[in-house]
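Notes for the one structure printed next.
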Amino acid sequence: MVDRVSELGDALPLFAPAVHHVEICLHPCSTAKSSVVKDHVCKLLHKQKVAYSDFTITEFADQFLSEHVKSVTLTDTDITSHGKTAIDLISDTIHMHVFHLDMGGPGTEELEEEEDLAAASQWLLPSADFEGLWDSLVFDDAIKERLLNYASTTLLFSDRSVNHNIISWNRVILLHGPPGTGKTSLCKALAQKLAIRLSDRYTYGQLLEINSHSLFSKWFSESGKLVMKMFQKIQELIDDKECLVFVLIDEVESLTSARKSAMSGNEPSDAIRVVNALLTQIDQIKRYPNVLILTTSNVTGAIDAAFVDRADIKQYIGPPSPCAIFKIYHSCLQELMRTGIISPSQQLFDLQALEVMRFVENDATRLSLLLRNVAIKSESLSGRTLRKLPFIAHAVFVQAPSICLEDFIAALSKAVDRQFQERENLAKDL
């Protein structure tokens, strides 16, 4: 039952577990109407009949889809299925989202010509820069689902005009944890995901990533003006009701340190007014239904209590467990098989299937067990490091245009050992 959700009215079903989502990315030059595209994709799904997990289709027998559609993706089935073994593509409720990717990349927002740092980077969403980013992020906890549910409730409360004076929410998300765990990437991926999911509601999205360091001018007397100029720009974006606006403040603890230094007498007292002005502006824009403020911090203990109190969700993002590490490695190896760097392509079981099949002796189970062992000994490495290791494994231990899967897993194991040895050497130097 395709697109039945659009008849339900409220925002909440957009993210409810009972609804499956198909994202349809159009070719850049396509001018096809969304309704026509959905009709053709509906027929495609009906031919496929059933699905058991996420999938992406990029080649089509349908001439119309070949001309207009870059990809059709059934996504987030791990969130929407909730243990269901099969998704009925004919009778299950499926919501389709048709969109173009912006190919322009980020622009920069300069508040003062004499400043060395750009005040912000700005993306038109959905952006090609963030294509596939959401799916590449692997977490142990249901963090993605929690963030989607938060956005759903935010929209619902706005739609129903819930009185802010009775029930308060600030449209602020705080992701905190050690460096390299994917906090900033998750913020960008969430903005991209919501811009796609809400494409029927908002014509486009804007992501403004604020360089918080640039808000504190080398001349503190000018910093207040910089903050006001920044939020004037944000207000201009919010005033367009067709636009869904995301404000990303990375390393928000830098705001806290500036205020603490000022209060201890190490910085001009004007710095206190600058940070207070920033918090005041955040309080003002929360009244608008088409804005979400995304923040990150590497140093949880340094975040100002006044800011923490404003965050509706305070989500810790830690290093991945061996289970999540296995999924990260699994996706990396699939990509290398897709590109022919690992050849020939071979099956690798995921951990759930491996648990069932591990007593069956074949190459798939043997190689999957080898990869699981590499994942176990990779524990404590950050997600950022894990994504680099397949490259390091090839650069240091392979250096060949093509390699078999077993040999590459062995090279990956050596790369993990090398990573821990480099850590140990750096610790000695310090």
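Side-chain atoms are counted along with the backbone in the values below, which use heavy atoms only and exclude waters and symmetry mates.
- With a 4.5 Å cut-off on side-chain heavy atoms, N290 and I238 count as touching.
- Sorted by first and then second residue, the salt bridge (charged side-chain N to carboxylate O under 4.0 Å, His left out) pairs involving residues 173-188 (not counting sequence neighbours) are K188-E209.
- Of the possible donor and acceptor atoms, one in the side chain of H97 sits under 3.5 Å from a partner among the backbone N and O of R197.
- The shortest side-chain heavy-atom distance between I325 and L386 falls under the 4.5 Å cut-off.
- Remark: the backbone N or O of H164 is not paired with any side-chain donor or acceptor of S168 at under 3.5 angstrom.
- The two atoms that bring P289 and L155 nearest to each other are O-CD2, 4.4 Å, heavy atoms only.
- A salt bridge (charged side-chain N to carboxylate O under 4.0 Å, His left out) check over residues 308-317, counting only residues at least two apart or in different chains, returns the pairs D283-R310.
- The list of salt bridge (charged side-chain N to carboxylate O under 4.0 Å, His left out) pairs with a residue in residues 328-340, not counting sequence neighbours, reads E335-R338.
- Judged by distance alone, with hydrogens and angles left aside, the side-chain atoms of T153 form a donor-acceptor pair with the main-chain N or O of N149 at under 3.5 Å.
- Distance OG1/T296 to CG/L175: 7.5 Å, rounded to 0.5 Å.
- Within the 4.5 Å cutoff, the side chain of I57 has heavy atoms near those of the L44 side chain.
- One finds the CD1 atom of I196 at 10.5 Å from the CG atom of L198 (value rounded to the nearest 0.5 Å).
- Scored by the side-chain hydrogen bond (donor to acceptor under 3.5 Å, both in side chains) test, N373 finds no partners at all (sequence neighbours excluded).
- Under a cut-off of 6.0 angstrom, the local environment of NZ in K377 is crowded, with over 12 non-hydrogen atoms contributed by other residues, nucleotides or ligands.
- Residues meeting the side chain to side chain contact (heavy atoms under 4.5 Å, CB included) test with P178, sequence neighbours left out: T181, Y316, P319.
- Listed by first and then second residue, the ring-ring contact (aromatic ring centres under 6.0 Å, His included) pairs that reach into residues 142-162 are F157-W169, sequence neighbours excluded.
- Screening residues 392-409 for side chain to side chain donor-acceptor pair (under 3.5 Å), with sequence neighbours left out, gives R366-E406.
- Residues meeting the side-chain hydrogen bond (donor to acceptor under 3.5 Å, both in side chains) test with Q346, sequence neighbours left out: none.
- Within the 4.5 Å cutoff, the side chain of H46 has no heavy atoms near those of the K43 side chain.
- With respect to the salt-bridge test (charged N to carboxylate O, under 4.0 angstrom), the residues R201 and D159 qualify.
- Contact detail for F408 and P390: the closest heavy-atom pair is CZ-O, 3.4 Å.
- Within the structure, every pair that satisfies the ring-ring contact (aromatic ring centres under 6.0 Å, His included) test and touches residues 123-145, not counting sequence neighbours, is listed here: W123-F130.
- Residues forming a side-chain hydrogen bond (donor to acceptor under 3.5 Å, both in side chains) with Q347 (at least two apart in sequence, or on another chain): none.
- Between K193 and D76 a salt bridge is recorded (basic side-chain N to carboxylate O distance below 4.0 Å).
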Can Q206 and L124 be said to form a side chain to side chain contact (heavy atoms under 4.5 Å, CB included), step by step? CA-CA 5 Å; Q206 290 273 7; L124 186 64; 3.8 Å; yes

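- Side-chain N/O atoms of R423 and T385 include no donor and acceptor closer than 3.5 Å.
- Here the closest heavy-atom approach between residue L389 and residue Y329 is recorded as CD1-OH, 3.5 Å.
- In this structure, NE2 in H68 is found 8.0 Å from NE2 in H40, a value given to the nearest 0.5 Å.
- D141 places no side-chain N or O within 3.5 Å of a backbone atom of I143 that could act as its donor or acceptor partner.
- V37 and A32 get closest at one heavy-atom pair: CG2-CB, 3.7 Å.
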Let me see the working for K144 and L137 under side chain to side chain contact (heavy atoms under 4.5 Å, CB included), right down to the final yes or no. CA-CA 9 Å; K144 291 180 179 179; L137 296 169; 4.1 Å; yes

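- Looking at F55 and Q48, their side chains come closer than 4.5 Å, going by heavy atoms from C-beta outward.
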Hey, mind stepping through F420 and S380 against side chain to side chain contact (heavy atoms under 4.5 Å, CB included) and telling me if it holds? CA-CA 10 Å; F420 281 109; S380 83; 3.6 Å; yes

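- In this model, a donor atom of one side chain and an acceptor atom of the other lie less than 3.5 Å apart for E67 and Q63.
- Nearest heavy atom pair, residue D140 against residue A324, reads OD1-CB, 3.3 Å.
- Environment of NZ in K47: sparse, with no more than 12 heavy atoms of neighbouring residues, nucleotides or ligands closer than 6.0 Å.
- Looking only at distances, a side-chain donor or acceptor of S136 sits under 3.5 Å from a matching main-chain atom of L133.
- Surrounding CZ of F391 are at most 12 heavy atoms belonging to other residues, nucleotides or ligands under 6.0 Å away.
- R387 pairs in a side-chain hydrogen bond (donor to acceptor under 3.5 Å, both in side chains) with only one of the listed residues (S185, S331, S382), which is S331.
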Mind running side chain to side chain contact (heavy atoms under 4.5 Å, CB included) on I210 and I234 for me, showing each step along the way? CA-CA 10 Å; I210 294 176; I234 294 170; 4.1 Å; yes

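- Ring orientation note: the planes of F326 and H330 are tilted relative to one another, at an angle of 30° to 60°.
- Atom-to-atom distance recorded for I313:CD1 and T295:OG1 is 11.0 Å, nearest 0.5 angstrom.
- T154 contributes atom OG1, which lies 6.0 Å from atom CZ of R171 (distance to the nearest 0.5 angstrom).
- A donor atom on one side chain and an acceptor atom on the other are not found under 3.5 Å apart for T58 and S71.
- Each salt bridge (charged side-chain N to carboxylate O under 4.0 Å, His left out) pair with one or both residues in residues 319-328, not counting sequence neighbours, would appear here, but there are none.
- Between A311 and L174 the shortest heavy-atom distance is CB-CB, 3.9 Å.
- Using a 4.5 Å heavy-atom threshold, the side chains of V69 and L26 count as touching.
- Residues satisfying the side-chain hydrogen bond (donor to acceptor under 3.5 Å, both in side chains) criterion with S127, sequence neighbours excluded, are absent altogether.
- Inter-residue side-chain proximity for L405 and L348 is flagged as met; some heavy-atom pair is nearer than 4.5 Å.
- How far CG of L294 is from CG of L190: 6.0 Å, rounded to the nearest 0.5 Å.
- Residues D240 and Y204 have side chains in contact (heavy-atom distance under 4.5 Å, counting atoms from C-beta outward).
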